[in-house]
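Keep in mind that this is a model prediction, so the values were computed, not measured.
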Amino acid sequence: MKKIVYIFTVAILMFICLSCETEPPKPDTPIFSDVEILEVSESGGKYLFENLPSYVKYIQVLIFASADTPVIDDNTKLVKNISVMKGGNRTGLLGISRTDVSLFYDYDTGTGDFDSGTPMAPALATNDWFIVLGFDENFNLTHASPQYKVSDLSI
């Protein structure tokens with residue numbers, strides 16, 4: 001009888017442990033090689049840039065819809081399919097600072113820039129792709145985040 005109770009208890013504990021939702025691991029490799037990692041987290045509706053050194057002067061956030069995974073060229077350090085970008089933000093626009101970003105704008109393919117008059121609508125979807133890039137004062141790419149899904153960053 002003790003053996004049956006023991007087996008039953010173990011089976012219940014295994015079921016409980018397997019049914020617990022675990023947080024997916026955050027990606028830990030920058031989208032480009034030979035650059036420092038720029039870690040991003042989410043808190044209170046803002047996306048926080050963690051441990052950003054002072055020599056990073058310019059920040060760019062790129063958002064792609066779930067169907068439009070970013071295509072990168074690691075040799076040139078460029079995102080090749082920028083024309084399908086959904087939106088983002090960059091240094092010089094409202095809603096972004098050295099420590100966080102809280103506002104996103106539509107990407108205007110005509111100007112090749114974010115339309116600062118048009119906040120991105122709808123807002124981020126949980127399966128949108130999210131990349132953050134950091135540049136030095138000479139616009140050299142020095143930092144890059146991993147390619148996150150927005151859901152990877154949600155707490």
Side-chain angles (χ1 to χ4, degrees), residues 16-155:
I16 291 170
C17 288
L18 292 174
S19 64
C20 292
E21 230 177 272
T22 57
E23 190 173 309
K26 279 177 118 176
D28 59 359
T29 306
I31 192 165
F32 294 112
S33 63
D34 299 326
V35 298
E36 296 294 317
I37 190 165
L38 196 161
E39 294 184 29
V40 181
S41 63
E42 188 271 338
S43 179
K46 290 185 176 185
Y47 293 89
L48 310 175
F49 311 134
E50 300 173 11
N51 304 319
L52 195 61
S54 61
Y55 62 86
V56 174
K57 301 294 182 195
Y58 306 102
I59 301 166
Q60 189 175 47
V61 180
L62 310 177
I63 299 167
F64 293 82
S66 59
D68 298 316
T69 305
V71 176
I72 64 155
D73 183 334
D74 198 47
N75 292 325
T76 61
K77 306 289 187 253
L78 294 173
V79 178
K80 294 175 76 174
N81 61 336
I82 207 87
S83 63
V84 297
M85 188 168 49
K86 180 177 177 178
N89 203 335
R90 64 166 172 76
T91 301
L93 298 177
L94 293 176
I96 192 168
S97 71
R98 287 190 44 73
T99 58
D100 61 67
V101 62
S102 59
L103 185 60
F104 302 101
Y105 301 100
D106 287 333
Y107 182 71
D108 184 337
T109 56
T111 64
D113 199 1
F114 302 110
D115 183 352
S116 60
T118 310
M120 197 170 76
L124 297 177
T126 57
N127 54 352
D128 285 347
W129 297 102
F130 189 102
I131 303 168
V132 182
L133 305 174
F135 302 87
D136 66 15
E137 64 186 13
N138 297 314
F139 298 100
N140 296 309
L141 180 66
T142 61
H143 287 71
S145 73
Q147 178 177 307
Y148 293 112
K149 282 213 179 247
V150 170
S151 59
D152 295 339
L153 301 173
S154 299
I155 294 176

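Of all heavy-atom pairs between Ser54 and Arg98, the closest is CA-NH2, 3.5 Å. Scanning both residues, Tyr47 and Val40, for their nearest heavy atoms gives CB-CG1, 4.1 Å. Counting all heavy atoms, side chain and backbone alike, Ile59 lies closest to Val132 at CG2-CG1, 3.8 Å. Here the closest heavy-atom approach between residue Pro30 and residue Ala144 is recorded as CB-O, 3.4 Å. Considering all non-hydrogen atoms of both residues, Leu133 and Ile131 come closest at CD2-CG2, 3.8 Å.
Of the inter-residue distances, the one linking Leu103 atom CG with Ile96 atom CD1 reads 10.0 Å to the nearest 0.5 angstrom. The line from CD of Gln60 to CG of Leu141 is 9.5 Å long, rounded to the nearest 0.5 Å. To the nearest 0.5 angstrom, Glu36 atom CD is 8.0 Å from Thr142 atom OG1. Here the CG atom belonging to Leu38 is positioned 5.5 Å from the CG atom belonging to Leu52, to the nearest 0.5 angstrom. Expressed to the nearest 0.5 Å, how far NZ of Lys86 lies from CH2 of Trp129 amounts to 13.5 Å.
Residues passing the ring-ring contact (aromatic ring centres under 6.0 Å, His included) test with Tyr58 are Phe139, sequence neighbours excluded. Contacts of Phe114 classified as ring-ring contact (aromatic ring centres under 6.0 Å, His included), with partners at least two apart in sequence or in another chain: Tyr107. For the side-chain contact (heavy atoms from CB on, under 4.5 Å) test, residues two or more places apart in sequence or in another chain that qualify with Thr99 are Ser97. Every side-chain contact (heavy atoms from CB on, under 4.5 Å) that Ser33 has, sequence neighbours left out, goes to Asp74, Lys77. Residues forming a side-chain contact (heavy atoms from CB on, under 4.5 Å) with Lys46 (at least two apart in sequence, or on another chain): Leu48, Asp100, Ser102.
Checked by atom type and distance alone, the side chain of Tyr105 pairs as donor or acceptor with a backbone atom of Leu94 at under 3.5 Å. Proximity of a side-chain donor or acceptor of Asn138 to a complementary backbone N or O of Asn140 within less than 3.5 Å is not detected. Checking side-chain atoms of Asn89 against main-chain N and O of Val61 turns up no donor-acceptor pair under 3.5 Å.
With contacts defined as side-chain heavy-atom distances shorter than 4.5 Å, the pair Ile37/Ser145 does not qualify.
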As a quick check of understanding, evaluate side-chain contact (heavy atoms from CB on, under 4.5 Å) for Ile63 and Phe104, giving each step before the final call. CA-CA 9 Å; Ile63 299 167; Phe104 302 101; 3.2 Å; yes
Hey, mind stepping through Phe49 and Val101 against side-chain contact (heavy atoms from CB on, under 4.5 Å) and telling me if it holds? CA-CA 8 Å; Phe49 311 134; Val101 62; 3.8 Å; yes
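For residues 88-97, every residue pair satisfying the salt bridge (charged side-chain N to carboxylate O under 4.0 Å, His left out) rule, not counting sequence neighbours, is listed here: Arg90-Asp113.
Between His143 and Tyr55, the ring centre distance stays below 6.0 Å.
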